[in-house]
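I have placed the structure first, in the form of structure tokens, so that the comments after it can refer back to it.
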Amino acid sequence: MASTPSVAQLRAFVAVSRLQHFGAAATQLGISQPTLSQLLSKLEANLGLQLIERTSRRVLVTPAGQRLLPHAEAAVEAVHAIVDAAEPAGWLFGALRVGIIPTIAPYLLPTLLGTVHDEAPDLRLVVREEQTHRLLDALRRDEIDVALLALPISEPGLVAQPVYEEDFVLAVSADSELAGATDVPIEALRRQPLLLLDEGHCLRDQALEVCALANVQDTGHDAARASSLPTVVQLVAAGMGATLLPATAVPVETRGAALGIATFADPAPGRRVGIVWRAASSRGERFLDLARVIRRAVVDGGLPARSVVGVDSLAG
């Protein structure tokens, strides 16, 4: 007869199944690899089933493990819920693992960290900067608790909460005829050799969508390859082309760079930013609190963005 598994055993099974790597799972749980292996072996022995197949190259979840994994995940989440219920309710506290995309982090974090210090002094942010697809993968693997990124996101099992919206502006060299222009029609993009971020950045995808609306044929993708927005900005300042910038990036990226900024006519292209978390998480209310803190940071920091409130959406 199968014995009742312990919470530690279930956590070990869930971590190995999600990460498919014993070293990474042990690091996430804060235990040694031998301890992790012992917990998993004990669970398999208690259940009389092989849950994980270990090979020299990879870790595989067996059919029996795949059948039991959703139940193990639900049990671990239930334990998290019990712990949360026993702690003070109504505000943010403890460690929170937050993933942020690179086109948001440098511009929001300075004011966000100050707001968190003032309004949620018991909250300790653990920040991870990655591209969107890596953050979503980290969410699925329980490596982060919540991600701050550009919406929409259509991923099964994730909840999205919009936080703010911002316009895109056109960054050009300081001597460009468009420097300082306002009410620029989007069709003006057709006359600009556009420089974009490298593959994998959601801002690149959003910029390409704007280009499609303007019927832009040449995005200047052969002129340079850059993996960071500051690099793209320096190329623009050197006269190699133009680029689209989120409005919140302008105060930072124009500092010390010979840039000209042009704003688009209404309706200006832009993006919606929000937080995303696992639907199975028991901390949904706290993530909504986090959304409110981020909105306050946007306002207090004087960032050129518009708060989005009262909108919850289930992504998948």
Side-chain angles (χ1 to χ4, degrees), residues 7-8 11-12 14-16 18-19 21-33 35-36 73 76-77 79-151 153 155 157-161 163-164 202 228 248 273-298 300-301:
V7 174
R11 282 178 173 152
V14 169
V16 172
R18 286 175 172 170
L19 300 176
H21 190 280
F22 272 75
T27 299
Q28 177 180 300
L29 295 174
I31 60 178
S32 66
Q33 286 193 50
T35 298
L36 177 70
E73 291 175 328
V76 171
E77 288 291 350
V79 171
H80 286 322
I82 291 172
V83 173
D84 285 346
E87 292 176 329
W91 199 235
L92 296 161
F93 55 89
L96 186 66
R97 301 169 299 172
V98 181
I100 310 180
I101 58 175
T103 57
I104 293 177
Y107 319 118
L108 179 64
L109 271 180
T111 182
L112 176 60
L113 293 176
T115 302
V116 167
H117 180 269
D118 293 339
E119 299 204 9
D122 296 324
L123 178 66
R124 180 171 63 87
L125 294 185
V126 180
V127 177
R128 173 172 172 174
E129 185 185 62
E130 293 278 9
Q131 294 178 7
T132 297
H133 70 280
R134 291 175 181 163
L135 291 183
L136 295 177
D137 187 54
L139 270 177
R140 288 188 291 266
R141 293 174 179 271
D142 193 27
E143 295 174 6
I144 59 175
D145 301 306
V146 63
L148 180 63
L149 38 75
L151 302 178
I153 295 295
E155 290 283 335
L158 298 181
V159 174
Q161 170 63 44
V163 178
Y164 65 86
C202 64
S228 73
T248 54
V273 172
I275 57 174
V276 178
W277 66 89
R278 293 183 301 279
S281 174
S282 61
R283 291 181 283 181
E285 288 299 321
R286 293 184 184 175
F287 295 144
L288 294 179
D289 282 340
L290 176 64
R292 287 188 279 272
V293 170
I294 296 172
R295 291 189 194 101
R296 177 61 63 84
V298 168
D300 290 350

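Predicted model only: the values in this text are computed from it and were never measured. Just so you know, residue 1 is the first one in the sequence shown, and it goes up from there.
For the pair Arg141 and Leu19, the minimum side-chain heavy-atom distance is below 4.5 Å. Put simply, the side chain of Leu123 does not reach to within 4.5 Å of the side chain of Val293, judged on heavy atoms.
In this structure, Arg295 and Val163 approach most closely via the heavy-atom pair NE-O, 3.3 Å. The heavy-atom pair separating Pro102 from Glu130 by the smallest distance is CD-O, 3.2 Å. Summarising the geometry of Ala105 relative to Glu129, their closest heavy-atom pair is CB-OE2, 3.3 Å, with the distance given to 0.1 Å.
With rounding to the nearest 0.5 Å, the separation of CD1 in Ile275 from CG in Leu288 is 6.5 Å. Note: Leu148 CG to Ile294 CD1 = 5.0 Å, rounded to the nearest 0.5 Å. Separating the OG1 atom in Thr132 from the CD1 atom in Ile101 is a distance of 4.5 Å, to the nearest 0.5 Å.
Remark: the backbone N or O of Leu158 is not paired with any side-chain donor or acceptor of Arg278 at under 3.5 angstrom. Checked by atom type and distance alone, the side chain of Ser32 pairs as donor or acceptor with a backbone atom of Thr35 at under 3.5 Å. Remark: the backbone N or O of Val98 is not paired with any side-chain donor or acceptor of Arg128 at under 3.5 angstrom. At least one donor-acceptor pair closer than 3.5 Å links the side chain of Thr111 to the backbone N or O of Ala297.
Salt-bridge annotation for Glu143 and Arg97: absent, with no side-chain N of the basic residue lying under 4.0 Å from a carboxylate O of the acidic one. Taking 4.0 Å as the cut-off between side-chain N and carboxylate O, Arg134 and Asp137 do not count as a salt-bridged pair.
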Show the numbers, then the answer: is there a side-chain contact (heavy atoms from CB on, under 4.5 Å) between Phe287 and Val276?
CA-CA 9 Å; Phe287 295 144; Val276 178; over 6 Å; no

Assess the residue pair Arg286 and Asp289 against the criterion (salt bridge (charged side-chain N to carboxylate O under 4.0 Å, His left out)); give the C-alpha distance rounded to whole Å, side-chain angles, the decisive distance to 0.1 Å, and a yes or no.
CA-CA 5 Å; Arg286 293 184 184 175; Asp289 282 340; over 6 Å; no

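Counting non-hydrogen atoms of neighbouring residues, nucleotides and ligands closer than 6.0 angstrom, the CZ atom of Arg140 exceeds 12 such neighbours.
The salt bridge (charged side-chain N to carboxylate O under 4.0 Å, His left out) check on Arg124 picks up nothing, with sequence neighbours excluded.
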